[in-house]
Structure formats: C-alpha cells, structure tokens
Amino acid sequence: MNVNNLLYALVALVQILVLGGLFLLARRFLRSKKPMGSAGTISVDTLGLATIPVFATFTGLRGLSPWLAVATNSLNPHLAISPDGLEYRVISKRVAPFSTVESVEVRRGPGTVNLCFVFTSGLFTLSANVGDAASAVRALSRLPPSILRGPSARKLQEL
C-alpha cells in the first residue's frame with residue numbers, strides 16, 4: 001500500500017466513525033421521552049429586571065430555521081426582560097430595546113421549548129431554551145403587548 005491509499009483508508013474510517021457516532025446520538029436523543037422541565041423560577045429585582053432562567057441561548061440567521069444556530073451558549077446563558085427591553089448573552093452580553101424586537105415565537109422540539117426573537121433590523125435572531133411551556137408562558141407575559149406574537153406564542157398564551 002502506498003501513502004495515498006493509506007490516507008484514503010484513514011479518512012474513510014474517520015468518516016464512518018463520525019457518522020456512526022452521530023447516528024447513535026440521534027437515536028438516543030429521539031428515544032428520550034423525558035421532558036426537560038423548567039430551568040427555574042423568574043426572579044425580579046427592585047428595578048423591574050426579570051431574569052428568565054434558560055438552559056441555553058442561540059444566535060440564528062434571520063429567514064432561516066430557528067433550529068439552525070451560528071452561535072450557542074449553554075455554559076453561561078442569560079435572558080432578562082427589563083421595563084425597556086431584552087438583555088441577553090450568547091457570546092457577549094447585549095441589550096435590545098423593545099422597539100427593535102419585531103416578534104417572538106415559541107418553537108417546541110423533543111424535550112425543549114424555545115422563545116425565538118426576531119429583530120427589526122440586522123441579520124441575527126435570538127432563541128432561548130426555557131425548558132417547558134409553563135416557563136415560556138411566564139416569560140411571554142413579561143413582554144409588552146407591542147411585540148408581535150407568532151401563532152404558537154399566541155396559542156400558548158391563550159391556554
């Protein structure tokens with residue numbers, strides 16, 4: 001065997017191992033029926049800043065699926081709703097006044113409930129994994145009525 005054949009065989013082996021591992025992870029994830037549950041209770045400070053407990057935050061691209069993220073944070077995520085806007089951390093801490101928030105939608109997946117915020121300008125969106133529907137309803141109730149709710153968010157709030 002020459003070096004090229006050995007290299008091709010090694011690359012093929014690595015690809016098979018990666019695909020096999022992804023298959024096993026996907027199978028385990030899909031078989032998991034246990035709901036994630038709440039990340040905790042909302043805490044409100046004296047200035048009216050409501051800190052929403054989240055499992056993770058994600059930055060997505062506007063116009064693409066909210067399940068696709070260009071950045072994630074599950075180690076130190078942050079979402080807070082102040083009287084003036086959103087405060088969040090994916091990579092760095094940011095503030096978005098309510099005037100820049102176009103809409104919010106609720107997306108559900110296996111064991112997860114995400115709040116997905118779309119901003120009036122810019123390329124990026126924000127998604128926050130709040131864990132369960134009850135946590136999503138509590139967070140949505142903190143947002144002003146001026147922020148457009150998507151169909152899933154409206155339906156969830158009506159329950």
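Atom set for the values below is all heavy atoms of this structure, side chains included, hydrogens, waters and symmetry mates excluded.
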**Student:** Would you compute the distance between atom OH of Tyr88 and atom CG of Asn73 and round it to the nearest 0.5 angstrom?
**Tutor:**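 So the OH of Tyr88 and the CG of Asn73 are separated by 12.5 Å.
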
**Student:** Could you list the donor-acceptor pairs under 3.5 angstrom formed between side-chain atoms of residues 44-51 and any protein atom two or more places apart in sequence or on another chain?
**Tutor:**
| from | atom 1 | to | atom 2 | distance (Å) |
| --- | --- | --- | --- | --- |
| Asp45 | OD1 | Leu47 | N | 3.0 |
| Asp45 | OD1 | Gly48 | N | 3.1 |
| Asp45 | OD1 | Leu49 | N | 2.8 |

**Student:** Could you walk me through whether Val130 and Ile52 pass the side chain to side chain contact (heavy atoms under 4.5 Å, CB included) check?
**Tutor:** CA-CA 8 Å; Val130 294; Ile52 312 298; 4.2 Å; yes

**Student:** Output a table of donor-acceptor pairs, distance under 3.5 Å, between side-chain atoms of residues 136-149 and any protein atom two or more places apart or on a different chain; print 'none' if there are none.
**Tutor:**
| from | atom 1 | to | atom 2 | distance (Å) |
| --- | --- | --- | --- | --- |
| Arg138 | NH2 | Ser135 | OG | 3.2 |
| Ser141 | OG | Arg138 | O | 2.7 |
| Arg149 | NE | Gln157 | OE1 | 3.3 |
| Arg149 | NH1 | Pro144 | O | 2.8 |
| Arg149 | NH1 | Ile147 | O | 2.9 |
| Arg149 | NH2 | Leu140 | O | 2.8 |
| Arg149 | NH2 | Leu143 | O | 3.1 |

**Student:** Output yes when Glu87 and Lys93 qualify as a salt bridge under the 4.0 Å nitrogen-oxygen rule, no when they do not.
**Tutor:**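 So Glu87 pairs with Lys93 through a salt bridge.
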
**Student:** With the threshold set at 4.0 Å, does a side-chain nitrogen-carboxylate oxygen contact exist between Arg62 and Glu102?
**Tutor:**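 Judged by the 4.0 Å cut-off on N to carboxylate O distance, Arg62 and Glu102 do form a salt bridge.
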
**Student:** Side chain to side chain contact (heavy atoms under 4.5 Å, CB included) with Thr59: which residues, sequence neighbours excluded?
**Tutor:** Val70, Ala71, Val90, Phe124

**Student:** For Cys116, does its backbone N or O pair with a side-chain atom of Asn114 as donor and acceptor, under 3.5 Å?
**Tutor:**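 Not a single qualifying donor-acceptor pair exists.
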
**Student:** Roughly how far apart are Leu75 CG and Thr57 OG1, rounded to 0.5 Å?
**Tutor:** 10.0 Å

**Student:** Answer yes if Phe58 and Val106 sit in the same cluster of Ile, Leu, Val, Met, Phe, Trp and Tyr residues linked by side chain heavy atoms under 4.5 Å apart, and no otherwise.
**Tutor:** no

**Student:** Thr112 side chain to Gly109 main-chain N or O, any donor-acceptor pair under 3.5 Å?
**Tutor:**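 No.
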
**Student:** Do you see a donor-acceptor pair shorter than 3.5 Å between the side chains of Arg89 and Asn76?
**Tutor:**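 Yes, side-chain donor-acceptor contact under 3.5 Å.
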
